[in-house]
Amino acid sequence: PADARPLTVFMIAGEESGDQLADGLMGELERRLGGRVSFVGVGGERMGRHGLQSLFPISEIGLHGIVPIIRNVGNIMRRMRSTAATIAEMNPDVLVIVDVPGFNLGVARRVRKMNPRVPIVQYVSPTVWVWRPGRARWMRPFVDRIMGILPFEPEVHRRLGGPPCTYVGHPLIERFDVLRPAPGERPSIAEVEKPVLLVLPGSRGSEVSRLTDVFGETVAEVAKMRGPFDVILPAVPRFLDEITRRAANWPVKPRIVTGEAEKLAAFRRAHAALAASGTVTLELALSGVPMVVAYKVDVLAKLFKKLVLSRIHSIVLPNLVLGANAIPEFIDQDASAPNLAHALLPLLADTPERRAQVEAFGRLDALMSPGAKAPSAMAADIVLEAAGRKA
């Protein structure tokens, strides 16, 4: 029978986060199929552990910012064409594209033209709810299913005429054990002399260069107003030198930590955070850490800012999931040290502002639960269904 032969899954991830998502899905597929599955495609170290030999390094396609993309556009287009041709010729049981929509949707569209028999599943919806909503309808002819990781995405695609979208759950909801403090790990704010403040200036070079200094000035302002507190700064290893240099003259010396385990340990100890906008805000909210969020965009993005803010009420993920602006956010010139310090100060004591955020975070678990199954199990169901196998 057809189900007896091994399943061939072609997968493309172009970033660390995609490599992690794909890893969970691949492990689940191996478990369901008793190992009778082979993976081919483009991926990182984690995907390599499941036997996937990447056609080329994922760093070639996981580029951010307009300038790096323009500079590498020739190579990106070549990779897009050759990857699509490889898939069309190989005729896998299913193609799973993970995030990186610029590259992956280009590949998917070409595959659909060259070999319409290959089912195409997209893991992580492009942010059509904020950028280029017309993309939802544009994707429909060549993406068969979308596996969304934010609970409001199925409704957004339905409204915009996008492909069928199912909320499979955010990967973070499988990590409560490492995100949430054990008894005694985070003493009550009312009991501590020196609360712990987390400072998170971002994981991309542009964010680190735009936010680290203003975050340092914010810490200085708060120190003037409230007295002693501890600062922990989890740094992405490749920006460690730059962050260390920029933080050298801060009046409150941060303890700079690197690596995932150290970062999560800091989350479990922290009483409040000052963070760049991004997935980290969802990590903090699920960990129960009240925060203030800042974002500074590049010159070209400034042109789109008004347009974006006319479509959504917030740029902070937990606010979007909650449908309410529970977390204060400051964009561009509003992200000044005085503004940030003023919003941060009440979070370092037992105040109504602090309690309101903690209360809002309590609603996230129910909103983000996809049901009885874990996200990787939900994702595996959809991939097997698309491949014509019994889930």
Side-chain angles (χ1 to χ4, degrees), residues 17 129 148-153 167-192 195-203 215 218 222 229-234 260 263-295 312-331 340-371 374-375:
S17 56
W129 30 275
I149 63 167
L150 293 167
F152 53 80
E153 288 173 331
Y167 173 58
V168 296
H170 198 286
L172 286 176
I173 64 180
E174 291 187 280
R175 309 195 71 203
F176 287 161
D177 55 332
V178 287
L179 280 168
R180 294 189 171 165
E185 240 184 324
R186 182 190 294 150
S188 151
I189 191 98
E191 295 163 18
V192 291
V196 175
L197 173 69
L198 272 188
V199 176
L200 298 144
S203 57
F215 280 6
T218 304
V222 174
F229 55 94
D230 289 327
V231 177
I232 304 179
L233 199 166
E260 186 72 357
K263 181 185 101 167
L264 291 166
F267 276 45
R268 295 192 300 269
R269 282 189 54 207
H271 294 97
L274 177 59
S277 174
T279 305
V280 75
T281 59
L282 204 48
E283 287 180 291
L284 289 165
L286 291 170
S287 182
V289 183
M291 72 196 94
V292 171
V293 175
Y295 194 56
I312 51 173
H313 62 87
S314 172
I315 55 157
V316 179
L317 280 176
N319 285 348
L320 290 170
V321 174
L322 288 161
N325 289 12
I327 298 162
E329 60 194 284
F330 298 90
I331 305 175
L340 295 170
H342 179 73
L344 193 58
L345 189 63
L347 302 184
L348 290 166
D350 187 12
T351 59
E353 291 91 335
R354 178 186 175 80
R355 286 195 292 270
Q357 276 202 45
V358 172
E359 214 170 278
F361 299 161
R363 299 200 300 276
L364 279 175
D365 283 15
L367 288 167
M368 293 196 67
S369 165

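On a predicted model such as this, the values are computed, not experimentally measured, just so you know.
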Side-chain donor/acceptor of R186 to backbone N/O of F267, under 3.5 Å: yes

Any donor-acceptor N/O pair, H170 side chain to L150 backbone, under 3.5 Å: no

So which atom in [X] and which in [Y] form the shortest heavy-atom distance, rounded to 0.1 Å?
X    : Y    : answer
F215 : V199 : CD2-CG1, 3.7 Å
S287 : P181 : O-CD, 4.0 Å
L322 : A360 : CD2-O, 3.3 Å
L340 : V293 : CD2-O, 4.5 Å
A273 : L344 : O-CD1, 3.7 Å
L286 : L364 : CD2-CB, 4.2 Å

Spacing of CE belonging to M291 relative to CG belonging to L200, to within rounding of 0.5 Å: 9.5 Å

Partners passing side-chain contact (heavy atoms from CB on, under 4.5 Å) against P290 (at least two apart in sequence or in another chain): L347, R354, Q357, V358

Pairing residues for T218 by the side chain to side chain donor-acceptor pair (under 3.5 Å) criterion, not counting sequence neighbours: none

Atom pairs and distances, donor-acceptor, side-chain atoms in residues 274-281, under 3.5 Å, two or more places apart:
| unit_1 | atom_1 | unit_2 | atom_2 | d |
| --- | --- | --- | --- | --- |
| S277 | OG | I315 | O | 3.1 |
| T281 | OG1 | G278 | O | 2.7 |

